[in-house]
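This report refers to the structure that appears directly beneath it.
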Amino acid sequence: MDPFDLVIRHGTVATAGDVQRCDVGIRGGRVVALGEGLAKGKEEIDATGLLVLPGGVDAHCHFDQPTGDGSVMADDFTSGTRSAACGGTTTVIPFACQMKGQSLRAAVEDYHRRADGKAVIDYAFHLIVTDPTEQVIGQELPALIRDGYTSFKIYMTYDSLKLNDRQILEVLDVARREGAMVMIHAENSDCIAWLTDKLELAGKTAPKYHAAARPMVVEREATHRAIALAELADVPILIVHVSGAEAVEQIRWAQGRGMRIYAETCPQYLFLTADDLDQPGHEGSKCICSPPPRDKANQQVIWDGLQGGVFQVFSSDHAPFRFDGPDGKQVHGADAPFSKVPNGIPGVETRLPLLFSAGVGEGRITLEQFVALTSANPARLYGLYPRKGTIAVGSDADVALWDPQREVTISNALLHHNVDYTPYEGIRVTGWPVLTLSRGAVVQRDGTLTAQPGHGQFLPCDLPAPARPRTGRAGAV
Ligand code: DUC
Ligand code: ZN
Ligand code: ZN
């Protein structure tokens with residue numbers, strides 16, 4: 001009997017911890033050996049000149065999520081995971097979103113129906129808690145956490161999603177008791193509403209005013225408040241999609257005080273600016289996302305935070321809406337004010353190549369940091385490590401083979417999502433994932449998907465060790 005189903009030979013294997021030349025032996029969908037001169041496998045891949053990286057873990061992406069405003073997400077679990085796999089990602093964690101008035105359990109069941117049999121790579125769910133009733137806080141959430149839904153997102157803005165400070169504290173308290181990770185969307189809702197009204201009264205409704213309605217101070221205030229609430233509740237939190245300097249300052253300050261405040265950023269805050277919203281007609285809506293992209297100086301601060309350890313996670317926040325058509329960016333018409341444009345941009349396939357090229361290729365971060373930010377850390381923070389996020393004996397054989405020299409000009413025609421544009425059109429990158437393995441099966445080779453929907457499996461998550469409170473005390477009371 002061959003000892004291996006597959007051997008990846010002669011590659012350079014990189015994890016968050018180190019980089020080494022060795023072969024990878026795979027059996028039964030798992031890594032079973034790392035070493036030089038491994039015995040022959042039933043199949044062999046020659047990775048000479050290639051990097052052998054753990055597949056990416058995209059811990060913030062939205063697929064087939066109901067929206068409530070008539071818009072429809074362009075990607076379901078098939079097209080979303082297809083695009084992810086073609087960009088070197090092997091695990092995604094999208095969101096099961098509770099509608100106000102709905103039970104959280106019903107939201108999870110609905111989301112499973114949307115995913116079952118459709119994904120080409122493995123997936124877990126974060127929950128979004130929008131209605132923290134006594135029943136949700138006292139029973140549903142603890143039970144779901146024990147069932148493997150160990151992280152949830154809460155919002156400080158968007159009328160249909162937001163929680164007030166009291167509700168945030170209630171949710172943080174459950175997370176503390178049960179050991180779950182809370183992700184927070186930090187923008188001040190009332191400030192945004194006030195600014196939006198003023199802009200609209202003045203006739204300033206074009207897409208570019210989206211950025212004016214959500215200036216940095218709005219994110220800074222909410223970030224500070226989220227940190228204060230986490231301190232009061234004595235529980236770690238993770239601030240998602242951090243866009244620039246003022247929020248980074250708050251996070252750095254809290255981390256400097258020894259608090260477990262984790263932070264995520266996304267490609268749009270490195271590669272776009274608010275000027276990208278200022279385009280003729282409605283074109284600027286292609287880059288409407290929240291928080292909005294800022295400016296070049298803020299991009300540099302985000303790079304500094306990636307280099308220096310402020311950020312643990314780099315996710316796409318893939319939120320796919322088509323530009324043309326009745327249910328995407330123009331759901332309320334071609335002249336709709338910015339406040340009626342669905343928020344979000346696509347990026348699940350371009351996340352890794354953009355960071356690899358501008359980060360590793362241009363010397364801003366090391367290869368180990370790249371793996372940590374895009375794979376190992378999200379796996380740890382959301383209870384999937386070491387099954388996902390590394391190449392080690394016993395881990396799932398989720399691997400992306402990278403050609404670090406491959407030059408690609410990003411164009412929507414190359415991508416595999418179901419969106420009709422990419423905000424990164426025309427950006428040249430060096431380095432591209434030429435083959436993706438999910439549990440030992442080739443799911444992508446040279447931009448062609450080779451897996452069937454249904455290959456991807458649901459992953460219940462463990463309680464994440466980083467969600468444990470630093471202190472032993474049971475909160476303020
Ligand atoms: N902002 C979010 O908070 N989620 C989805 C997309 C976006 O722009
Ligand atoms: Zn958000
Ligand atoms: Zn999001």
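Ligands are counted one by one from 1 in listed order, and the atoms in each one are counted from 1 as well. Note that the numbering runs from 1 along the sequence shown for the chain.
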Nitrogen or oxygen of His60 less than 3.5 angstrom from that of ligand 1: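 No, His60 has no N/O under 3.5 Å of an N/O on ligand 1.
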Heteroatom distance test (Tyr155, ligand 1): nitrogen or oxygen, under 3.5 angstrom: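 Between Tyr155 and ligand 1, no N or O pair is found under 3.5 Å apart.
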Under 4.0 Å from a heavy atom of [X]: give me the atoms of ligand 1 that qualify, with their elements.
X      : answer
Lys153 : 3 (O)
Cys289 : 8 (O)
Tyr158 : 1 (N), 2 (C), 3 (O)
Ala319 : 5 (C), 6 (C)
Ser290 : 1 (N), 2 (C), 3 (O), 7 (C), 8 (O)
His241 : 3 (O)

Step-by-step salt bridge (charged side-chain N to carboxylate O under 4.0 Å, His left out) determination, Asp159 to Lys162: CA-CA 6 Å; Asp159 287 342; Lys162 70 181 180 189; 3.3 Å; yes
Closest protein heavy atom (residue, atom, distance) for atom 5 (C) of ligand 1: His62 NE2, 3.5 Å
Verdict with reasoning, Ser290 to Tyr158, per side-chain contact (heavy atoms from CB on, under 4.5 Å): CA-CA 10 Å; Ser290 294; Tyr158 297 128; 3.3 Å; yes
Check ion pair [X]-[Y] (N to O, under 4.0 angstrom):
X      : Y      : answer
Arg439 : Asp122 : yes
Arg225 : Glu221 : yes
Arg166 : Glu170 : yes
Arg220 : Glu249 : no
Lys100 : Asp131 : no

Derivation and outcome, side-chain contact (heavy atoms from CB on, under 4.5 Å), residues Ile145 and Asp147: CA-CA 5 Å; Ile145 293 167; Asp147 287 349; over 6 Å; no
Count of N, O or S atoms belonging to protein, less than 2.8 Å from the Zn ion (ligand 3): 3
Trace of the side-chain contact (heavy atoms from CB on, under 4.5 Å) decision for Ser395 with Arg387: CA-CA 5 Å; Ser395 298; Arg387 179 170 174 189; over 6 Å; no
Proximity to ligand 1 by part of Asp317, non-hydrogen separation under 4.0 Å: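 Near ligand 1, Asp317 shows its side chain, while the N, CA, C and O stay back.
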Straight-line distance of Thr265 OG1 to Leu270 CG, nearest 0.5 Å: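 Going from OG1 on Thr265 over to CG on Leu270, the span is 6.0 Å.
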Phe95 and His60, any side-chain heavy atoms less than 4.5 Å apart: yes
